[in-house]
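Here is the structure we will look at.
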Amino acid sequence: MTTNDSSFEVSTDQSLLDIPMIYRFLSEQSSWAVGISRPVVERAIENSLCFGGYLDGRQVAFARVITDFATFANLVDVFVVPEYRGHGYGKQLVAAVLRHPSLQRLRRFTLATSDAHGLYERFGFTTPSKPETLMERYFPNIYVS
């Protein structure tokens with residue numbers, strides 16, 4: 001799947017992903033995966049539907065979807081490299097994710113965010129309608145040694 005809005009292009013071709021850049025961002029700059037190892041990042045990418053965002057062939061954005069392609073999806077690891085923020089690339093990336101043919105008619109599409117509620121709300125994401133039904137096992141500092 002490829003989309004091209006202006007000069008920003010989104011692709012699900014995993015061979016185009018800049019794995020070193022994704023690893024550096026997640027392990028050093030993200031608020032959710034600091035300290036994650038490269039092998040864990042590589043395994044996560046191999047087992048997910050990944051979206052790269054590119055300008056002139058250079059990857060500047062990333063998103064990953066964990067899904068069964070039938071009933072459920074979870075959007076994770078969404079980022080735009082800091083120097084490319086503020087140009088609408090995050091919106092274009094999320095729009096491309098939600099348009100993907102394999103992610104249609106899912107019963108539940110989830111995500112977790114600490115600071116981008118406004119971005120996701122414009123695409124129909126809301127707080128859980130029944131938060132009392134949700135549970136989690138969460139280990140926020142698992143990658144920090």
Margin query: Does Q59 form a side-chain contact (heavy atoms from CB on, under 4.5 Å) with I22? I'd like the steps, not just the answer.
Written below: CA-CA 9 Å; Q59 186 172 356; I22 296 166; 3.7 Å; yes
Heavy-atom check, side chain of [X] versus side chain of [Y], under 4.5 Å:
X	Y	value
L134	K130	no
R38	P20	yes
L93	F62	no
F51	H100	yes

What about [X] and [Y], same hydrophobic cluster or not, with Ile/Leu/Val/Met/Phe/Trp/Tyr joined at side-chain heavy-atom distances under 4.5 Å?
X	Y	answer
V41	I66	no
V65	I45	yes
V10	I19	yes
F72	V94	no
V34	M21	no

For the [atom1] atom of [X] and the [atom2] atom of [Y], what is their distance to the nearest 0.5 Å?
X	Y	atom1	atom2	result
S7	L55	OG	CG	5.0 Å
F25	D77	CZ	CG	9.5 Å
L98	Y120	CG	OH	10.0 Å
R107	R105	CZ	CZ	12.5 Å
D68	L106	CG	CG	7.0 Å
R58	E9	CZ	CD	15.5 Å

Notebook entry, point to check: Knowing that exactly one of L75, T12, L49 qualifies, which makes a side-chain contact (heavy atoms from CB on, under 4.5 Å) with V97?
Noted result: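 Single side-chain contact (heavy atoms from CB on, under 4.5 Å) partner of V97 among L75, T12, L49: L75.
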Which atom pair, heavy atoms only, marks the closest approach of [X] to [Y]?
X	Y	value
Y54	G57	CD2-O, 4.2 Å
T113	D115	OG1-N, 3.4 Å
L119	F123	O-CD1, 3.2 Å
Y23	S37	CE1-C, 3.6 Å

Next item on the list: Applying side-chain contact (heavy atoms from CB on, under 4.5 Å), run through Q14 and L16 and close with a yes or a no.
Entry: CA-CA 5 Å; Q14 284 201 11; L16 300 176; over 6 Å; no
Check: Hey, is CG on N47 packed in by over 12 heavy atoms from elsewhere, all under 6.0 Å?
Finding: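 Yes, enclosed.
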Note to self: Tell me if the aromatic rings of F8 and H87 count as close, with their centers under 6.0 Å from one another.
What the structure shows: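 Distance test on ring centres: not under 6.0 Å, no.
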Notebook entry, point to check: Side chains of D13 and S11: is there a donor and an acceptor less than 3.5 Å apart?
Noted result: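 Side chains of D13 and S11: no pair found under 3.5 Å.
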Margin query: Once you measure the plane-to-plane angle for F109 and F125, does it fall in the parallel (<30°), tilted (30-60°) or perpendicular (>60°) bin?
Written below: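 Correct class here is perpendicular.
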Margin query: Assess the residue pair R24 and Q29 against the criterion (side-chain contact (heavy atoms from CB on, under 4.5 Å)); give the C-alpha distance rounded to whole Å, side-chain angles, the decisive distance to 0.1 Å, and a yes or no.
Written below: CA-CA 7 Å; R24 270 192 316 278; Q29 298 179 29; 6.0 Å; no
